[in-house]
Amino acid sequence: MGKKPNIIIVLADDMGFSDIGCFGSEIRTPCLDAMAAQGIRYNHMYNNARCCPSRASLLTGLYPHQAGVGLMMENLGIKEYQGYLNDSCITLAEGVKSAGYQTGMIGKWHVGGGYQKTREALERAGKKGYPTPMQRGFDYFYGTLEGAGNYYNPVTLMENGEWINIRPEDNFYYTEKIGEKACEALERFSGDDVPFFLYVSFNAPHWPLHAREEDIAAYEGTYLVGWDEIRKRRYQKQLEMGIVKDIWDMSPRDTGSPDWDEIEDKDWEDIKMAVYAAQIEEMDRAIGKIREKLTQLELEKDTFILFTSDNGACAEELPEDGWICNFASERTLNGEKVEIGNLSKRRPGKENTYMSYGLPWANASNTPFRLFKHWIHEGGISAPCVVSWGDNIKNPGRVEETPIHFIDIMPTILELAETEYPKECKGTPIHPVAGESFLSSVREKWERKRPIFWEHEGNCGVRLGRYKLVRCYPEDFALYDMELDRTELHDISGEHPEIKKELLKAYEEWTQETGVKSREKILEIIKNSEV
């Protein structure tokens, strides 16, 4: 038996379904496009619609409630909603270590309790309720514990348990540093004749809109055609690529998005999207550095790489009040005040700004789907996914349409590592893995057997085969035929009441098995607690 394959998982943050070139975008992503040409694009990869619940599933192979992250980072005093990975799960790092793997993580953690400000992190990190990656199976960690931050001076940045303070002269930019540190980890791993698992978790392109000025300038003016035209162009490319089917109508412009002709300050809207595009190109460049390092170390043929995103594009408008400073310093490294919020006429991109690109551009990012991060409609849970693995891919360049979910990554990786999912960890029983391995899809046709479930803040759903039952809280459930209508424009509940009843029953049984609480119950708990 030869050496087991090396494994790298690369995760983007808040990136929409159509935001990379090989999924229809005008944004330049040559590295990911090359990976797609040499590998597989999965056009039905599903996440959990929000950062930390998705990461909990990716890392554990469980639904987020089973892993302890049923909401976000708040600890509600319930094991399913404690806000950090519990003892009833193992992480990917813990799983592959039993198979002899070295393990490392670079980037955003966000499954270890809520920190908010750096001062609180200094007091809490590593204590009960605030596990760090080093306590969940990773031999090496460089990154941030919190869910967001300033790209030029991120809060909660640490390396192997030691806090990192950024200096003005460092010319620090988080996306670049993640790529650099990942390459350094590969250098260290390559010195030992044992396989490695590396989890590279980017903060990009999550707000704030921060990018290098030269990268922003390369896109400035690109988006003056408006979001409607960008959506049309992306949809056409997706059709040509086979990413979407022509029997699915592109969803109409979101009701929260005005007509481009009504926009007075088109230059400001253009520059916001230009910065967002630059952030994605910078991430692709960092991934390219990682692949170059693999080639230099003669490891590229033996390394399985999976790239995806933790949820759909984010439609949040950042307010001008101070709550966002939980995730960032109020002043730059040079002492200048950071201007918080989407202030019109203000050019985004530099350290002294803190903006998001807003709903209309998020609608374009999620082409051709409806809604956004937070919702269980396809715009919230559908992510681009690219897998490459040297010469091991049969028919490279193809598009795989079978639905897969973040819960499937754990069994897939364990099959790669030639090890079994355990029944317990450190003497504590753990939940059986919820997902299914899709590893055989790299060589042959694969079909999932189990349904997929979702719940986040009352938004919920289930997909079984071609049908998806979904609710946008507090509305009623709607039923869609995903083969004919993946853009969810035609509710067929009235035509198929028996299918709706069957899926609703399956969903209710799943909530009982996983400890999901209703949104009303969660709001009651929050109201009666100090959260």
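All values below come from the heavy atoms of this structure, side chains included, with hydrogens, waters and symmetry mates left out. Owing to the predicted nature of the structure, the values given are computational and were not obtained by experimental measurement.
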Would you compute the distance between atom [atom1] of [X] and atom [atom2] of [Y] and round it to the nearest 0.5 angstrom?
X: Asn48; Y: Ile381; atom1: CG; atom2: CD1; value: 8.5 Å
X: His210; Y: Tyr152; atom1: NE2; atom2: OH; value: 6.0 Å
X: Glu94; Y: Met410; atom1: CD; atom2: CE; value: 8.0 Å
X: Ile404; Y: Ile409; atom1: CD1; atom2: CD1; value: 7.0 Å
X: Phe369; Y: Ser251; atom1: CZ; atom2: OG; value: 8.5 Å
X: Leu157; Y: Phe172; atom1: CG; atom2: CZ; value: 5.0 Å

Does the side chain of [X] pick up a donor-acceptor pair with the side chain of [Y] at under 3.5 Å?
X: Asn311; Y: Asp14; answer: yes
X: Arg234; Y: Ser18; answer: yes
X: Tyr219; Y: Glu281; answer: yes
X: Tyr151; Y: Glu351; answer: no
X: Asn171; Y: Arg212; answer: yes

Exercise for the section: Please check if atom NZ in Lys350 has more than 12 non-hydrogen atoms from other residues, nucleotides or ligands closer than 6.0 Å. Expected result: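 Open.
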
Handout entry: Lys181 to Tyr142, cation-pi by 6.0 Å centre distance and 45° axis angle
Key =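 That pair qualifies as a cation-pi contact.
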
Handout entry: Check: Phe17 ring centroid to Phe23 ring centroid under 6.0 Å
Key =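 Yes - the distance between ring centres of Phe17 and Phe23 falls below the 6.0 Å cut-off.
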
Practice task
In sequence, state the C-alpha distance, the side-chain angles, and the governing distance for Arg347 and Asp267, and then conclude on salt bridge (Lys or Arg N to Asp or Glu O under 4.0 Å).
Solution key: CA-CA 10 Å; Arg347 183 183 177 89; Asp267 288 335; over 6 Å; no

Exercise for the section: Could you list the residues that satisfy side-chain hydrogen bond (donor to acceptor under 3.5 Å, both in side chains) with Asn352, not counting sequence neighbours? Expected result: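 side-chain hydrogen bond (donor to acceptor under 3.5 Å, both in side chains) list for Asn352, sorted by chain: Glu336.
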
Handout entry: For Thr412, side-chain hydrogen bond (donor to acceptor under 3.5 Å, both in side chains) partners two or more places apart
Key =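 Partners of Thr412 by the side-chain hydrogen bond (donor to acceptor under 3.5 Å, both in side chains) criterion come out as none, since no residue qualifies.
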
Problem - Flag, side chain of Trp260 to backbone of Leu224, donor-acceptor distance under 3.5 Å - result: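 Judged by distance alone, yes, a pair lies under 3.5 Å.
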
Problem - Pair listing, ring-ring contact (aromatic ring centres under 6.0 Å, His included) test, anchored in residues 65-90, at least two apart - result: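 Matches after skipping sequence neighbours: His65-Tyr81, His65-Trp510.
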
